Amino acid sequence: MLYARNICCEIGRGEERVSLLDKVSFCVPQGHFMAIVGPSGCGKTTLLKAIAGIIRETDGAFFWKGRNLAEDGDFEPEEIGYVPQFSVACEELTVDESVECAARLRVKAPEDEINAVIDRALAETGLEEIADRRVKILSGGQKRRLALAMELVSSPKLLICDEVTSGLDPSSEREIVELLYELSRKDGRIVISVTHSLAMMELYDSVLVMNRGCVAYHGAPGAMCHYFGVESFEEVYPRLARRSAEEWHNSWVKRRSFYYEQLEAAHIEKYERMGQSPPLPDEEEEAAERPGFLRQFLVLLGRRFRVLARDRGQLLLQAAMIIVFPVVVALFADKGNEQLQQLTQSRSADLTEEVQQRQDVAAARAKVGSAVSGLVMFEVILLGLMGANNAAREIAGERRIVEKERFAGVSSGAYLASKVVYLCLLLLVQSVWMYVFVQHFWPFRGDSAVHLRYLILANAAMTAVCLGISANARTADQASLLSIYLVGFQLPLSGAILALPGALERFIQPFISAYWAWSGSIQGGLDPEVLKAVNSIAATAFSEPALCTAVLCGHVAAGIALAYAGLKRSQAD
């Protein structure tokens, strides 16, 4: 049984404080199908999210199986299923793969039992015939069925649905409502559906009418028209507007006991017609064991690579960057090679020629310094751009899926670990190929291993920071824009072109990963003669390699920590 007692929810502070829910009370028995209806902005979705624990009530309490959810512990993830209005499945997966992924993330069981869970969820929602169809080509009604199937894998005792019939044609809407009705008749499950539509009210066991955050009515559908003094359900909303929310609420409080007696009698009669006894309130059950960190991590990592393999647009973009960016760097390699040859020419015994050669070497040294410095920075900036592209939309682009899976008990740590491993493999391929390709055309004069290390760290630092941005951004577009700005500021603020003013350098430089990768690669990896050439033209001082490595590793750690904090914070916050 789910019981709500005087639930209040307010937002804002002081005089600007607004009440979203005001003393909302109701009781729902096991095996019951309830609709929450009301005009737009009346608090329907707010109430549903308060039940789910997505937002917290400011006063009052919810009771589930006799326990106070605020004091004695919230719902276990397997006790409750939440179906949002939007799609919560990866577009590139099939229906069967989506349900399978949900089952493996939420249910810890042997393989044969997992398969049985998947088959049952598909059968209950009528998706067996389209199990091999991609999510992106499903109709609106089919996507709602899929969302239901993904929740049913854990056999929740409470299933709450937020506007799952909105935007559907009348036929599809009826199919979804009938499906919810059938689900409420199994295993003593409570199904609560928020809807703006007043069609098919006869299929619900009870209807809770909200009006400006207050309860205006909760009872059997057949008695609702009589209570409001109207002839049809469609007339209820206009009638609500004729009186204040407080007046309707006070009217309901006076008559509540009478309508609840009718509701209880109808509940018993319903099960008698079905030849069954009404479900008794469940005793407190031991929480089911969920899959551990490693299991969830492997499922999420496998899903990410599967999505990548099927996303042709992303695959082409990745291939283009991996192939084209090193080619662009290699186009400028000949200039560096020409100047290096002049720098290493042998000296003449003739004094006049030697003076001329020294002048030529000095000129060559300046050109070599400029060419080498520019090529290294070019590699660093392009790898930073790759890193930003890798991570900017990685979490923000699937924020709704993340929020939904966290609600279902998926570990934030496992989710983040799957992203980190996926991005690490991606950036290693990009960085190593950049190094190998450019090295073929322009051999790095010095310790090539050091150069490779800083190329990897340059990509890793930008990838991690942009992953942190992605986890904290509200939208994928916002995350992409912030990441583009971050990359755009790398070159002018690195000091490679113009030295920063001394007053600003100490504050800005620590945050510019391009400076540390460029500086570490040159200071720690270049041949002494070439390093001398670079120093002859450099306006910015180079830092010690150990410090460069430490700062870039710090960027990586800070980015991952920022990503974890963003994942732990609910979007509702």
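Treat the numbers as computed from the prediction; the structure is a model and nothing was measured. Residue numbers count from 1 along this sequence.
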**OP:** Tell me, please, which residues at least two apart from Tyr415 pass ring pair (Phe, Tyr, Trp, His ring centres under 6.0 Å).
**Re:** none
**OP:** Before giving the answer on salt bridge (Lys or Arg N to Asp or Glu O under 4.0 Å), spell out for Glu394 and Arg399 the whole-Å C-alpha distance, their side-chain angles and the decisive distance to 0.1 Å.
**Re:** CA-CA 9 Å; Glu394 192 62 29; Arg399 168 60 70 176; over 6 Å; no
Original post:
Looking at the rings of Trp248 and Phe228, which for Trp means the six-membered one, are their centres under 6.0 Å apart?
Top reply: yes
Original post:
Do Gln314 side-chain atoms and Leu308 backbone N/O form a donor-acceptor pair below 3.5 Å?
Top reply: no
**OP:** Mind running salt bridge (Lys or Arg N to Asp or Glu O under 4.0 Å) on Arg67 and Glu79 for me, showing each step along the way?
**Re:** CA-CA 13 Å; Arg67 76 173 190 264; Glu79 287 184 306; 2.9 Å; yes
**OP:** Test side-chain hydrogen bond (donor to acceptor under 3.5 Å, both in side chains) on Thr94 and Asp132 and set out the steps.
**Re:** CA-CA 5 Å; Thr94 65; Asp132 59 348; over 6 Å; no
Original post:
Of all residues at least two apart in sequence or in a different chain, which pass the salt bridge (Lys or Arg N to Asp or Glu O under 4.0 Å) check with Arg306?
Top reply: Glu97
**OP:** Spell out, as yes or no, whether a donor-acceptor pair under 3.5 Å connects the side chain of His249 to the backbone of Val215.
**Re:** yes
Original post:
Which residues satisfy the side chain to side chain contact (heavy atoms under 4.5 Å, CB included) test with Ala109, sequence neighbours excluded?
Top reply: Val107, Glu113, Ile114
Original post:
Parallel, tilted or perpendicular for Tyr227 and Trp252, by the 30°/60° rule?
Top reply: perpendicular
Original post:
Quick one: do Arg393 and Glu398 make a salt bridge, cutoff under 4.0 Å?
Top reply: no
Subject >> Under 3.5 Å donor-acceptor, Ser470 side chain and Ala392 backbone >> reply: yes
Original post:
Any donor-acceptor pair under 3.5 Å linking the side chain of Lys157 with the backbone of Asp187?
Top reply: yes
Original post:
Is Arg106 salt-bridged to Glu78, cutoff N-O under 4.0 Å?
Top reply: no
**OP:** Keeping the roles fixed (side chain from Glu235, backbone from Val230), state whether a donor-acceptor pair exists under 3.5 Å.
**Re:** no
Subject >> Ser166 versus Gln85, side-chain donor and acceptor atoms under 3.5 Å >> reply: yes
Original post:
Going from CG on Leu300 to CG on Leu416, what distance comes out if it is rounded to the nearest 0.5 angstrom?
Top reply: 11.0 Å
Original post:
Are Cys161 and Ile192 side-chain neighbours, meaning at least one heavy-atom pair lies under 4.5 Å?
Top reply: no
Subject >> ring pair (Phe, Tyr, Trp, His ring centres under 6.0 Å) involving Phe62 - partner list, sequence neighbours excluded >> reply: none
**OP:** Only counting residues at least two apart or in another chain, list the ones meeting ring pair (Phe, Tyr, Trp, His ring centres under 6.0 Å) with Phe75.
**Re:** Trp64
Original post:
When you measure from the side chain of Ser411 to the backbone N and O of Phe293, does any donor-acceptor pair fall under 3.5 Å?
Top reply: no
Original post:
Got a donor-acceptor contact below 3.5 angstrom from the Arg310 side chain to the Glu92 backbone?
Top reply: yes
Subject >> Cys8: side chain to side chain contact (heavy atoms under 4.5 Å, CB included) partners, not counting sequence neighbours >> reply: Asp22, Lys23, Thr58, Asp59
Original post:
Arg189 and Ser184: side chain to side chain contact (heavy atoms under 4.5 Å, CB included), yes or no, with the steps?
Top reply: CA-CA 5 Å; Arg189 180 182 292 124; Ser184 70; 5.7 Å; no
Original post:
What residues, two or more places apart in sequence or in another chain, satisfy side chain to side chain contact (heavy atoms under 4.5 Å, CB included) together with Arg5?
Top reply: Tyr3, Ala61, Phe63
**OP:** Grab the two heavy atoms, one from Leu21 and one from Leu47, that are nearest each other, plus how far apart they are.
**Re:** CD1-CA, 3.8 Å
Subject >> Charged N-O contact under 4.0 Å between Arg56 and Asp74 >> reply: yes
**OP:** Kindly state each residue pair satisfying ring pair (Phe, Tyr, Trp, His ring centres under 6.0 Å) with at least one member in residues 154-201, sequence neighbours excluded.
**Re:** His196-Tyr237
Original post:
Do any pairs count as a ring pair (Phe, Tyr, Trp, His ring centres under 6.0 Å) and have a residue in residues 145-166, sequence neighbours left out, and if so which ones?
Top reply: none
Original post:
Donor-acceptor pair, Lys44 side chain versus Gly38 backbone, under 3.5 Å?
Top reply: yes
Original post:
If you look at every heavy atom in Ile80 and Pro156, which pair is closest and at what distance?
Top reply: C-CB, 3.7 Å
Original post:
Under 3.5 Å, is there a donor-acceptor pair between the Asn115 and Glu100 side chains?
Top reply: no
Subject >> CG on Leu159 to NZ on Lys186, rounded to 0.5 Å >> reply: 12.0 Å
Subject >> Donor-acceptor pair between Glu175 and Ser172 side chains, under 3.5 angstrom >> reply: no
Original post:
Asp162 and Thr45: side-chain donor and acceptor closer than 3.5 Å?
Top reply: yes
Subject >> Residues that Ala131 engages under side chain to side chain contact (heavy atoms under 4.5 Å, CB included), provided they are two or more places apart >> reply: Asp96, Leu122
Subject >> Check against side chain to side chain contact (heavy atoms under 4.5 Å, CB included), Ile160 and Ile190 >> reply: CA-CA 8 Å; Ile160 55 179; Ile190 295 175; over 6 Å; no
Original post:
Less than 4.5 Å apart, any side-chain heavy atom of Cys214 and any of Val24?
Top reply: no
Subject >> Arg134 bridged to Glu91 by N-O distance under 4.0 Å >> reply: no
Subject >> Under-4.0 Å salt bridge between Glu163 and Arg144 >> reply: no
Original post:
Where do Gln142 and Ser139 land on the side-chain hydrogen bond (donor to acceptor under 3.5 Å, both in side chains) test, with the steps shown first?
Top reply: CA-CA 5 Å; Gln142 289 169 338; Ser139 67; 3.3 Å; yes
Subject >> Asn459 versus Gly387, closest heavy-atom pair with distance >> reply: OD1-CA, 3.3 Å
Original post:
Can His218 and Ser206 be counted as having a side-chain donor-acceptor contact under 3.5 angstrom?
Top reply: yes
Subject >> Distance-only polar pair, side chains of Ser155 and Arg120, donor-acceptor under 3.5 Å >> reply: yes
Original post:
Counting only N and O atoms by type, is there a donor-acceptor contact under 3.5 Å from the side chain of Asn390 to the main-chain atoms of Met386?
Top reply: yes
**OP:** Name all pairs fulfilling the ring pair (Phe, Tyr, Trp, His ring centres under 6.0 Å) condition that reach into residues 99-125, sequence neighbours left out, sorted by first residue then second.
**Re:** none
Original post:
Quick one: ring pair (Phe, Tyr, Trp, His ring centres under 6.0 Å) pairs with a partner in residues 386-408, sequence neighbours left out?
Top reply: Tyr82-Phe407
Original post:
Ignoring hydrogens and geometry, is there a side-chain-to-backbone donor-acceptor pair from Asp72 to Asn68 under 3.5 Å?
Top reply: yes
Original post:
Between Leu562, Val402, Asn472, which is the residue that forms a side-chain contact (heavy atoms from CB on, under 4.5 Å) with Leu567?
Top reply: Val402
Original post:
Distance only, no hydrogens: is a donor on one side chain within 3.5 Å (strictly under) of an acceptor on the other, for Ser412 and Arg406?
Top reply: yes
Subject >> Check: Asp477/Ser480 side-chain N/O donor and acceptor closer than 3.5 Å >> reply: no
Original post:
Can Lys49 and Glu57 be counted as an ion pair, charged N to O under 4.0 angstrom?
Top reply: no
